[in-house]
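Worksheet: the structure to be examined is printed underneath.
Heavy-atom basis, side chains included; hydrogens, waters and symmetry copies ignored.
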Amino acid sequence: LDPRRAGETLRILDALADDGLTMVVVTHSMGFARKAADRVHVFHEGRVIESGPPEDVLVNPREAATRELLELG
């Protein structure tokens, strides 16, 4: 996302999620994913390596690649 528009875009997506809209969103914004997602899927080298509720995946990741991704963010 254009950094000048990222906040605005995330606010709109957040409002849509609050309204119950089902979305598939690809993001590097872990805060947004944690707040808006029902399920999070982490991809590494073209395949899903971890999947589950945001609190499980983003707070207590099982996979080293997921932990590395979260450290970068």
Side-chain angles (χ1 to χ4, degrees):
L1 290 174
D2 177 343
R4 294 168 294 178
R5 301 277 187 216
E8 177 184 354
T9 302
L10 291 174
R11 280 190 296 279
I12 291 168
L13 291 174
D14 193 35
L16 293 171
D18 286 345
D19 287 344
L21 182 71
T22 299
M23 298 180 281
V24 174
V25 178
V26 177
T27 185
H28 288 104
S29 175
M30 298 302 113
F32 173 74
R34 183 177 290 130
K35 183 175 186 285
D38 293 318
R39 295 195 62 76
V40 173
H41 306 281
V42 178
F43 286 78
H44 180 69
E45 296 182 351
R47 59 190 250 297
V48 175
I49 60 165
E50 194 156 357
S51 183
E55 290 302 311
D56 292 348
V57 175
L58 301 177
V59 175
N60 295 308
R62 294 176 317 217
E63 301 294 327
T66 304
R67 289 190 294 276
E68 288 175 21
L69 173 69
L70 294 170
E71 289 171 4
L72 294 174

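No path of Ile, Leu, Val, Met, Phe, Trp and Tyr side chains, each step under 4.5 Å between heavy atoms, connects Leu69 with Phe43, placing them in separate hydrophobic clusters. Following chains of ILVMFWY side-chain contacts shorter than 4.5 Å, one can reach Phe32 starting from Leu21, so the two form part of one hydrophobic cluster.
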Indicate every side-chain donor-acceptor pair of residues 51-64 with a distance under 3.5 Å to a residue at least two apart or in another chain.
{"residue": "Ser51", "atom": "OG", "partner": "Arg39", "partner atom": "NH2", "Å": "3.4"}
{"residue": "Ser51", "atom": "OG", "partner": "His41", "partner atom": "ND1", "Å": "2.6"}

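Applying the side chain to side chain contact (heavy atoms under 4.5 Å, CB included) test to Ala15 and every residue at least two apart in sequence or in another chain returns nothing.
Here salt bridge (Lys or Arg N to Asp or Glu O under 4.0 Å) pairs that include residues 9-31, with residues two or more places apart or in two chains, are Asp14-Lys35.
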